[in-house]
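Below: the structure, in structure tokens.
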Amino acid sequence: MNKETANRHHEIFAVDELPRMTSARDIDLVTRISKDLPAESVIVEIGPWLGAISEILAPKGHLHVVDSFVWTGDHDKRVPALLNPGENFREIYQELMQVRALTVEVHETDFEAFRWDGEKIDLCLIDAPKKPAPLRDALLSVASGLRDGSRLLIKNANHSNYFAMMAYLQALIDQGVLSVLEADEEGSCNTVAFEVRLSDEDLTSVVEQTPLEYPARWRLVEGGLGGLGPFQLSLICELIKSGRWTDAYEVLGRMPSSRRILRQWDKQESQLANAGADPEQLGWFAEIMSLQHTKGGLPAAPKSFRASAAMARRAYWTNNSDKPWRARAFHPDVFDRAHQFGYMKWINTVQEHIKGQSVLDVGCGPGLHGFGCLAAGAANYLGLDPIIKLDRDRVKNLSANSAKMEFGWTPAELSAMFEPWEVRATAVEELPEDRVFDIAVLHNVTEHLQGIESVFEAIALRLKPGGKILYNHHNFYCWNGHHLPPKGVSKIDLTDPAQREMVDWGHVDYDPSPDHYIARGLNRIRLDDLIALTERLFDVEIIEERPSRPETGLGRLTDEVRQRYPHLEDRDFETQNLFCIAKVKI
């Protein structure tokens, strides 16, 4: 033994506290579980290293330790220059125990070769497997001594880096072999205390026959280890590796807030990125992971989810925390696209009327306002439009002057993807009357309804008691009520003959052919007539006549126009939209 090694020996034997590879929390768990052991208990410790845990266990009963006692590189990193890797440290271990007047029976052997042939074991500690196979070997080595009620401590059983081993343990829990006595939900203690539920041959048989790649690793489990943050985090990583993002969100949605787990995720995220996980999907997932693990729990939903796609995703996740379909209906790419196309804006302004409500969207077009409804926390959404083509991907981009573009998915495809979202190519009158809703919304639809009385009556029949209608009506008699160019003052082009016919209220007395847009697409209903129809079927709560802006014609009304249409008032000309919320009459 050289001088440096001798000095290290002296240091080890002189210290009061032995070197250890376990945390203070692990030590506390071992202390608690072993505290109430009966006198003369039989204790087996597999993998004692230099005896930091043996020092706790030996006074509790008859301690047996099992190890090959081969010094490893990992040992050398923790206690440099004590031995060379590959050398035997049994003698050092035994001397450390003798110095402390502790009696320990040593079994020097490879774990897989060892078979317990002594009395029944009261407590067994296994330190520290990292994969299912070594754990199985360790369990089989002591299976003949474990009985119903024996306690079992397994280090790394609550460590997010060793999911395969945790899944194997979960498989044993599922089969009734083990039950969890104590485990830390956040994984600050990575040792788990179990109670054995089978004995002898039954235990050996199940341990041997349970596949190391147990199918439970792909199940969403809540009992046993499945309720622990490290298991859930590791399961998420496994699901992401196989591209199962929806299942990963499902697990994430069950996790309580934990800053410790979030810190572990930060490490895992970089590993997933290096392993080839889709970077955009991974970024979206990391965003929701951070939200789910906000200190103090899930925060309130952002009020302005129209501000960005990220805010829309956050609003969806927080507003639907009580919905069983939240994870299954979360497709961040769809919400991203819906925001880009401007379909979060209007719903954002009426979100307080949408949250928690079943929504009927009449004249929905492709139904993209429905994603704003989901972001606002709607219970479910049904869009109806008799002229929509369910298998056609062609929608208005509201952020690009309503130009028709491909959205990326057809309404039929979106209906299949989103459990609470559906669009049908049918009129509201054809919907069964027993299908009822909390609220019906019509966004710039009322001006298009040729049989508006019939539609309003059908809506009233399909609202629950206390149900509401909410509409935004684009007034035909305002400056751009024709819905044709020019839609804004800055877009006027008098070299265009079609514009000259429409500009400055020319559309009011325009006599179109039957196939012209104004004839087939606009009903020319007056404000007072729409209000009267609403009041016949509903009790009005809010009604607002919202004026035009300079860009939409405010200020262009002249006496010449007034004289041309003496049956109209200034409010007819200058009201851009009529906004209404009304409760169905009982």
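- In this model, a donor atom of one side chain and an acceptor atom of the other lie less than 3.5 Å apart for W479 and D504.
- With S234 contributing its side chain and F231 its backbone, the two residues share no donor-acceptor pair below 3.5 Å.
- Two residues are said to be in side-chain contact when any heavy atoms from C-beta on lie closer than 4.5 Å; V503 and P486 meet this criterion.
- In terms of the ring-ring contact (aromatic ring centres under 6.0 Å, His included) criterion, residue partners of Y510 (sequence neighbours excluded) are, by chain and number, H516.
- Within the structure, salt bridge (Lys or Arg N to Asp or Glu O under 4.0 Å) pairs that include any residue of residues 424-443 comprise E422-R424, D438-K464 (at least two apart or interchain).
- In this structure, the side chain of E535 does not engage the main chain of V540 through any donor-acceptor pair within 3.5 Å.
- Across every non-hydrogen atom of G466 and K583, the tightest pair is O-CG, 3.7 Å.
- Within the structure, the salt bridge (Lys or Arg N to Asp or Glu O under 4.0 Å) test picks out no pair touching residues 396-406 (sequence neighbours left out).
- Contacts classified as salt bridge (Lys or Arg N to Asp or Glu O under 4.0 Å) and involving residues 222-235 (residues at least two apart or in different chains) are given here: E222-R254.
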Criterion salt bridge (Lys or Arg N to Asp or Glu O under 4.0 Å) on K303 and E352, from CA distance to verdict: CA-CA 10 Å; K303 292 296 184 183; E352 68 272 20; over 6 Å; no
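- Not a single salt bridge (charged side-chain N to carboxylate O under 4.0 Å, His left out) links D385 to another residue, sequence neighbours left out.
- A heavy-atom distance below 4.5 Å is found between the side chains of L272 and K241.
- Counting only heavy atoms from C-beta outward, the side chains of N475 and Q576 never approach each other to under 4.5 Å.
- Side-chain contact between L239 and E250: absent, with no pair of heavy atoms (C-beta onward) separated by less than 4.5 Å.
- Note that NZ of K295 and CG of L262 are 12.5 Å apart. Values are rounded to the nearest 0.5 Å.
- Here the NE2 atom belonging to H567 is positioned 8.0 Å from the CG atom belonging to D572, to the nearest 0.5 angstrom.
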Derivation and outcome, side-chain contact (heavy atoms from CB on, under 4.5 Å), residues S258 and E185: CA-CA 9 Å; S258 167; E185 290 185 0; over 6 Å; no
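- Residues I469 and C580 have side chains not in contact (no heavy-atom distance under 4.5 Å, counting atoms from C-beta outward).
- Separation of the W317 and F335 ring centroids does not fall under the 6.0 Å cut-off.
- Note on residues 438-473: pairs passing ring-ring contact (aromatic ring centres under 6.0 Å, His included), not counting sequence neighbours, are W346-H443, H369-H443, H448-H483, F456-Y471.
- With sequence neighbours excluded, no residue satisfies salt bridge (charged side-chain N to carboxylate O under 4.0 Å, His left out) with D529.
- Between L568 and the choices L527, V561, V508, the side chain to side chain contact (heavy atoms under 4.5 Å, CB included) rule is met once, by V508.
- In terms of heavy atoms, L382 sits closest to L431 at CD2-CD1, 4.0 Å.
- In this structure, OG1 on T558 lies 9.0 Å from CZ on F573, to the nearest 0.5 angstrom.
- Pairs engaging residues 488-500 under the salt bridge (Lys or Arg N to Asp or Glu O under 4.0 Å) rule: none recorded [sequence neighbours left out].
- Not one N or O on the side chain of D361 forms a donor-acceptor pair closer than 3.5 Å with the backbone of G367.
- Considering CG of N472 and CG of N444, their distance stands at 5.0 Å, rounded to 0.5 Å.
- Atom CG of N348 is separated from atom CD of Q351 by 5.0 Å, given to the nearest 0.5 angstrom.
- By the 4.0 Å N-to-carboxylate-O rule, D539 lies close enough to K585 to be salt-bridged with it.
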Evaluation steps, ring pair (Phe, Tyr, Trp, His ring centres under 6.0 Å), between W265 and F285: CA-CA 11 Å; W265 161 257; F285 193 90; 5.6 Å; yes
Derivation and outcome, side-chain contact (heavy atoms from CB on, under 4.5 Å), residues I354 and V441: CA-CA 9 Å; I354 299 298; V441 298; 4.1 Å; yes
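- Side-chain N or O atoms of D336 include none that pairs as donor or acceptor with a backbone N or O of A309 at under 3.5 Å.
- No hydrogens or angles considered: a donor-acceptor pair under 3.5 Å links the side chains of E551 and S490.
- Applying the salt bridge (charged side-chain N to carboxylate O under 4.0 Å, His left out) test to E545 and every residue at least two apart in sequence or in another chain returns R571.
- Using cut-offs of 30° and 60° for the angle between ring planes, the W325 and Y316 rings count as tilted.
- Between D391 and A412, the shortest heavy-atom distance links the atoms OD1-CB, 3.4 Å.
- Distance alone, capped at 3.5 Å, places no donor-acceptor pair between the N397 side chain and the A403 backbone.
- Looking at T534, its side chain does come within 3.5 Å of a backbone N or O of L530 through a donor-acceptor pair.
- With rounding to the nearest 0.5 Å, the separation of CG in L252 from CD1 in I261 is 11.5 Å.
- A cation-pi arrangement is found for R546 relative to F579, the charged atom lying closer than 6.0 Å to the ring centre and inside a 45° cone about the ring normal.
- Note on residues 396-417: pairs passing ring-ring contact (aromatic ring centres under 6.0 Å, His included), not counting sequence neighbours, are F341-F407, F407-W409.
- Looking at R337, its side chain never comes within 3.5 Å of a backbone N or O of G408 through a donor-acceptor pair.
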Listing, residues 275-283 side-chain donor-acceptor contacts under 3.5 Å, not counting sequence neighbours, or none:
from	atom 1	to	atom 2	distance (Å)
D278	OD1	E280	N	3.1
D278	OD1	Q281	N	2.7

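- The shortest side-chain heavy-atom distance between R526 and Y477 falls under the 4.5 Å cut-off.
- Panel note: side chain R259, backbone H293; a donor-acceptor pair is recorded below 3.5 Å.
- For the pair R326/S321, a side-chain contact is recorded, criterion being any heavy-atom separation below 4.5 Å from C-beta on.
- Minimum heavy-atom separation, A458 to V428: CB-CG1, 3.8 Å.
- Q170 contributes no side-chain N or O that, together with a main-chain N or O of G224, makes up a donor-acceptor pair within less than 3.5 Å.
- The backbone N or O of T294 lies less than 3.5 Å from a partner atom in the side chain of S257, making a donor-acceptor pair.
- Annotation: side chain of M166 is in contact with side chain of P230 (closest heavy-atom distance under 4.5 Å).
- Proximity of the aromatic rings of F371 and H339 is defined here by a centroid distance below 6.0 angstrom, and this criterion is not met.
- Annotation: L494, atom CG; neighbour count of heavy atoms from other residues, nucleotides and ligands within 6.0 Å is above 12.
- Between N480 and H507, the side chains place no donor N or O within less than 3.5 Å of an acceptor N or O (distance only, hydrogens not considered).
- Annotation: salt bridge (charged side-chain N to carboxylate O under 4.0 Å, His left out) contacts of R394 (sequence neighbours excluded): none.
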